Amino acid sequence: MKGKILIVDDQFGIRILLNEVLQKEGYDTYQAANGIQALEIVSKHSPDLVLLDMKIPGMDGIEILKRMRVIDKEIRVIIMTAYGELDMIQEAKDLGALTHFAKPFDIDDIRSAVKEYLPLSNTL
């Protein structure tokens, strides 16, 4: 097993695409459509990496990221946003996000980033 990845996005199509691509790469994947689901999965399954959309109705990505950090202060997060909101991206990075992708993203870029930020040997 290569690792556990949580995909958090309110858009069903994006969750399915990322889920399919990452499962083909050999990762265990979890999906969440909102912040409540995401936080439950983080609590129960301790994913190794989270792909987090910033624009989610209800609890936005920044709030989800803050709450994930309370559950697991070492959690690795890559953010995705359809908007070039530099202040939101900067705030997420200040909260420990590893990198960000603007939508629409190139799936190969996501695949490469996952490999880069989720090394096979989890040495923490």
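None of these values were measured; they are calculated from a predicted model. Computed from heavy atoms alone, side chains included, the values below leave out hydrogens, waters and symmetry copies. Sequence positions, counted from 1, serve as the residue numbers for this chain.
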Rounded distance [0.5 Å steps], [atom1] in [X] versus [atom2] in [Y]:
{"X": "I78", "Y": "L49", "atom1": "CD1", "atom2": "CG", "result": "4.5 Å"}
{"X": "H45", "Y": "T29", "atom1": "NE2", "atom2": "OG1", "result": "11.5 Å"}
{"X": "D53", "Y": "I64", "atom1": "CG", "atom2": "CD1", "result": "8.5 Å"}
{"X": "K55", "Y": "K103", "atom1": "NZ", "atom2": "NZ", "result": "11.5 Å"}
{"X": "I62", "Y": "L52", "atom1": "CD1", "atom2": "CG", "result": "8.0 Å"}
{"X": "L17", "Y": "E20", "atom1": "CG", "atom2": "CD", "result": "7.0 Å"}

Measure across [X] and [Y] and return the closest heavy-atom pair with its distance rounded to 0.1 Å.
{"X": "A32", "Y": "A38", "answer": "CB-N, 3.5 Å"}
{"X": "V8", "Y": "N34", "answer": "CG1-O, 4.3 Å"}
{"X": "L6", "Y": "M68", "answer": "CD2-CE, 4.1 Å"}
{"X": "A33", "Y": "I56", "answer": "O-CG2, 3.9 Å"}
{"X": "M59", "Y": "E63", "answer": "CG-CG, 3.4 Å"}
{"X": "V114", "Y": "L22", "answer": "CG2-CD2, 4.0 Å"}

Positive for side chain to side chain contact (heavy atoms under 4.5 Å, CB included) with I79, one of M54, M88, E91
M54
State plainly whether one hydrophobic cluster holds both I16 and V21, where clusters connect Ile, Leu, Val, Met, Phe, Trp and Tyr through side-chain heavy atoms under 4.5 angstrom apart.
no
Can you check whether L95's main-chain N or O pairs, donor with acceptor, with R69's side chain at less than 3.5 Å?
yes
Is the backbone of E25 close enough, under 3.5 Å, to the side chain of R111 for a donor and an acceptor to pair up by distance?
no
[X] versus [Y]: any side-chain heavy-atom pair under 4.5 Å?
{"X": "D48", "Y": "R76", "value": "no"}
{"X": "L18", "Y": "I107", "value": "yes"}
{"X": "K2", "Y": "L118", "value": "no"}

Would you find more than 12 non-hydrogen atoms of other residues, nucleotides or ligands less than 6.0 Å from I36 atom CD1?
no
